[in-house]
Undergrad: 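Dumping the structure here so I can ask a few things about it.
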Amino acid sequence: MISAESLTKQFIVRGVPLVAVNHLSFQVASGEVYGLLGPNGAGKTTTLRMIMGLLEPDSGYVEIGGVRSTNKSTDIRKQLGLISTNDGVYPWLTVREMLMYFADLYAVDPSLAAERLEELANLLDLRNFIDQRCSTLSTGQKQRVTLARGLMHDPPVMLLDEPTRGLDVVGSQAIFRFIDLLKQRGKVVLLSTHRLDEAERVCDRFGLLHRGNLQFEGTLEELRQATGKQHLVDMFIAFLNAPQVNAPKTDHPVNIPPNELSPQA
Amino acid sequence: MNEYLSNGRLWRLCQKELRESLRDRRTLFTLVLMPILVYPLLSMALQRLVIGANSKAKEVTEYVIGVEDEETGDKIRDLLIEAQQTSERGFSSPIKVTRTDDPMEKDTANSPVKPSDEIPTYKIEMADRGTLDQALRDGRLDLLIAKLNIETTKLERGIFPAYIIQAEFRQNDLRSETALSGFRRATQLINDYQAALFRKQIDRKIPVAMTFNATGIFEKADLSSSIAGVIPLVLILMTITGAVYPAIDLTAGERERGTMEALIATPAPRFALLLSKYVAVVTVAVLTALANLFATWMTLSFGGLGQALFGKSGFSIMMLLQILPLLVIFACFFSAILLALCSFARSFKEAQAYLIPVMLLSLGPGLVTLMPNVQFTTLLGIVPLLNILMLSRDIMTGQSSLVPAFAAVFSTIIYACATLVVASRLFGAEAATSGSQESWSELLGRPKKRQMLPDIGELAIYLALLFPVFFVASNLGGMFELKGSWALFFNAAILFVLFMFLPLLYSWYRRIDLVITFRLSEGVGRGEPIGKRAARWIGYVAGVLLLSTALWMVAFEAYLLFEGWSLASQLSEEDKERLKSDFLAVPFWVVLLTGAVAPAIAEEFFFRGFVLSAFRSKLTAFRSVLFTSLLFGLFHVIAGSVLSIEKFLPTIILGMAIGFVAVRTGSLFPGILLHALHNGLVFSMSRFTEQDLARWFGEDTKHIPVVWLCGGVLSMALGAGVLFLSSQRNQTHEDSN
């Protein structure tokens, strides 16, 4: 359902070109959870932004259900739900008001939105605080509101950008349950994370991204065979230390600060 | 887009923004608490000021009376001495206030100046009527004796002279009114004393009988109307204050809360998002305006200040109803500005950093409205911010006129719409969401890599440095009292330093390619056989010659046009004559060298070199030429100590022509030639006397004859054609730049 084809994006940082994503190609099918893994600065968020049409790729393209994503494609955006690390809430709105606002932003019919709100309130256990202002909610409650926000327009594709960053064990568990739920509903799930242990738990397939290059793609089993390592963390370190599988297909120098990867960072 | 503008969806989006703003306690604080606190305090301060001015007016012992001739002066002096003596004799007039029937004088009766028995000391000044009128308006004169007639009446006791005096004073001005009141008292004393004498018949001497009339003139220089001018400024500043917080909160606040990405990831069009935010900001601004207006009205009505400032009727409901729509229009305009600025910011802190200079800048026009002699003209009617301030001031002082008012309202609405469109483009822009932020060191330091062209940031930095230096430098000649040729050479030297040498140095420092940026190569013909290149250059020279023979006419006619609109530099005839004779005293070769050759080289290096290339790094050729020409025009307007608005249009047209030549040929040199020829022709024209021009143009017109103009258009078209053809083929050169 998501098909990225040779996506490339370059930024100019301090006058020096920096290739954030380099000829990245991958596909994610319906009902599949695809983990886009990599250290900070690997190009995961840039990739998600290109999928959403918020960033124009320098070359390559993304197709959602066979339709190309560009910054003008509003229909594509209706197909996508985004939940990201930094997602906030509107402190002065109640949970209901905020969710209905996002339903309007996705042009969902108000009566349908009201039904969906009821359904999500049950599903994500929002009942007790649905008419409370968001500023009064706890971190966990805010997180559930954010998850509900991503589903108000019932998108077939969910993009999750580091959804567990900053959450405790209980919060992370809620996210895992949410991902399971999405999977059951047959959604396309693209999870970007540097928490390899979590990815191992929820993802069906992985793409290991390093300095904008896709180092490896496959299931956990395929990775084990390729590396001879048992755990994703060990495999990843092995990949990082090994010579690059795909040399950068660019003439520009790449200048990235020293590797910041640590498995639990 | 339609699905967002229908089904009440847009209204629901607005509702969300309104909820967010109005539920926020900080918004409510500026909305309600500020007016409650500020106005009573302001009122107290102003009242002190008025009382202070009042007591200051009382301290003054000598008032100035203006008369036109010596005879009138002598008569007035005698009259005052007579009154003084009467007063010293202990004669007290029973009547304190003499007249309130004259409609122009009603306000006097309500003014803080109350008549007393004392006759103040007066000084009599003599001048012609024009000078006296001006002096009265400026406050150098307190009372003007406009007319003094002596009529004689024959009574049984003899012939009695009766003085009929017509005076003028400044209405609502404490000092002038005190002077008037004292003078009236003097005439009254004499009248009463005479009546008493007649009654008692104790003295044979017969005093003069007085008829005294006074007309008040409006004068903006007085304190009360200055304070009336402060009120719109305060109202507008408070309206801005109300809009600032929601504007930041609804834009930069979205980023800070982490809701921006989710928001712009939705399919909702940016314009709809911004429009809903705009509605909320305008609503809060209008509510703030209402709260402030109400507080002002309350303070002025119940604090006693209203009558002191606006006469008997005080700050009327009518005035309130006129000011309110203005505040609403202003709120619409300023909210759009605030949203545009805040949309650019990534955080509250950044938004505040952008807004503070804007708030401070907006005080500038506020101060202009306090200047007494600035009239609200149609031209000022289109200056944003200043127009609304001046219109409110004029409404408050009861002097608004229709055309500037219309210009002010209409232009402000247009500015608001345009700004809103810009804001919607900036809101959630890709660069602001994820792009790298250039630090000062990156903008000012020496880059490691070479670059072909300067970018717009570098241009902005150079302009920011150039503008103040240029402003000071163009007035330096006058400071050193340089005259004639030396002044011209000095100015030419400044042009070379600021427009050629420093841009070259700055570009070298920034590792910008000098040959490409300043178009120092031969341009499109580079690398071709010598014959072809020569043919091209012959074409360039011919084209430029043809263009220049026509362009001076544009400059000439544009000057006449602006002169017709009274927008040309306001120089007195004497100054014009002096400048002309100074100019004619300079040898013509010096004029040509410093006024044609030097600016042509220096300004072309800067405008068609540095500036055009900087714009070209981001914009299309046409837009780059247009923006360069606008800057070129602006710099000619501010050159020298007076604003030469008449230069704006001709320099833009010249700039467009030279820009076109530079882009087409890819070389700076044909443009330098065109610029030099144009300036040379204009200066040559100015060497001719009006008689010479009349001989050519015809006696009854200042304009260029139609036949000449037709020839000019033809020659311009021909020149453009020749240039176009001779710069053809290798056209990709400019694009590769």
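Sequence lines set the chain letters: A, B, ... in the order given, protein chains first and strands last, and positions in each chain run from 1. What you see is a predicted model, and the numbers here were worked out from it, not measured in a lab.
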Undergrad: Quick check for you: to the nearest 0.5 Å, what is the distance between B/Leu502 atom CG and B/Ser507 atom OG?
TA: 10.5 Å
Undergrad: Could you tell me which portion of B/Gln451 (side chain, backbone, both or neither) has an atom closer than 4.5 angstrom to a non-hydrogen atom of chain A?
TA: neither
Undergrad: For A/Ser192 and A/Asp161, test the side chains for any donor-to-acceptor distance below 3.5 angstrom and give the result as yes or no.
TA: yes
Undergrad: List the steps and the verdict of salt bridge (Lys or Arg N to Asp or Glu O under 4.0 Å) for A/Arg49 and B/Glu261.
TA: CA-CA 10 Å; A/Arg49 285 194 171 137; B/Glu261 198 167 42; 2.8 Å; yes
Undergrad: Run the salt-bridge test on B/Glu20 and B/Arg257 with the 4.0 Å N-O cut-off and return the result as yes or no.
TA: yes
Undergrad: Among the options B/Gly253, B/Ala265, B/Ser21, pick out the one with the most heavy-atom pairs lying under 4.5 Å from chain A.
TA: B/Ala265
Undergrad: Walk me through it: do A/Tyr101 and A/Glu97 pass the test side-chain hydrogen bond (donor to acceptor under 3.5 Å, both in side chains)?
TA: CA-CA 6 Å; A/Tyr101 172 61; A/Glu97 284 165 350; over 6 Å; no
Undergrad: Give, as side chain, backbone, both or neither, the part of A/Leu105 having an atom under 4.5 angstrom from any heavy atom of chain B.
TA: both
Undergrad: Where on B/Leu273 is there a heavy atom nearer than 4.5 Å to chain A: the side chain, the backbone, both, or neither?
TA: side chain
Undergrad: Out of B/Lys16, B/Gln15, B/Arg19, B/Glu254, return the one with the most heavy atom pairs under 4.5 angstrom to chain A.
TA: B/Lys16
